[in-house]
Amino acid sequence: MTTEILEAVSNARRRFLSAVLALFSLISVIGVVYPVGLFLWPHRKKVGGVAVRSIKISILEVPIGEAKFVRFLNKAAVIIHPNEQEVLALSAICTHLGCVVKWNGGKKELDCPCHGGRFDIRGNVLSGPPPAPLASYKARVEDEYIVIEEA
Ligand code: FES
């Protein structure tokens, strides 16, 4: 009788230890696979931990003739409101070496502070070393909002 009880306790202990070992093995595998997965398939477009594929801001935030810098697709972007009928959205990352361009309200253009690159309101290179225009996004006015989406 005592031998049977000892054997039952031993079997229960063995099953418990096997379960604990399996749990630790699973945690170890997840600990390796998860970071590798993040490296291979990184999250895109995070702003404050939330993925952003489109943004909607009040049209009052970008008066006619002005520009507003925003964070879009996890990068600096600029929304330009050149006239009543039109809104434009561009990447604010200079295509030369990646500096963030600045709005030049006097000339109505975007200037790069790093090496003097200049872009028009559509992102075309006016002068300087940038090899390509600024990337553009879809932008439209919807009711009283400006909506920006990936092109
Ligand atoms: S990084 Fe903009 S001109 Fe060089």
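Here the structure is a predicted model, which means the values were calculated and not measured. Note that ligands are numbered from 1 as they come in the structure, with each ligand's atoms numbered from 1 the same way.
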Considering only heavy atoms of Cys94, which atoms of ligand 1 have at least one such atom less than 4.0 Å away? 1 (S), 2 (Fe), 3 (S)
Starting from atom 4 (Fe) of ligand 1, look over the N/O/S atoms of His115 and name the nearest one. ND1
Given Val100, Leu97, Val125, which one has a non-hydrogen atom that is nearest to atom 1 (S) of ligand 1? Leu97
How about OH on Tyr145, more than 12 heavy atoms from neighbouring residues, nucleotides or ligands closer than 6.0 Å, or not? no
Of all heavy-atom pairs between Leu90 and Gly123, which one has the smallest distance, and what is that distance? CD1-N, 3.6 Å
Show your working on salt bridge (charged side-chain N to carboxylate O under 4.0 Å, His left out) between Lys102 and Glu109 and close with a plain yes or no. CA-CA 9 Å; Lys102 307 269 185 231; Glu109 63 183 40; over 6 Å; no
Considering all heavy atoms, the nearest Val87-His81 contact: CG1-CD2, 3.7 Å
Do Lys56 and Glu149 sit within salt-bridge range, that is, some charged N less than 4.0 Å from a carboxylate O? no
Using a strict cut-off of 4.0 Å, indicate which atoms of ligand 1 neighbour a heavy atom of Cys112. 1 (S), 2 (Fe), 3 (S)
Proximal atoms of ligand 1 relative to Pro129 (non-hydrogen, under 4.0 Å): 3 (S)
Under 4.0 Å between a Lys/Arg side-chain N and an Asp/Glu carboxylate O for Arg53 and Glu150? yes
Close approach, Gly128 and ligand 1, non-hydrogen under 4.0 angstrom: no
Relative to the heavy atoms of Cys99, which atoms of ligand 1 are at a distance of less than 4.0 Å? 1 (S)
Of the N, O or S atoms in His96, the one nearest atom 4 (Fe) of ligand 1: ND1
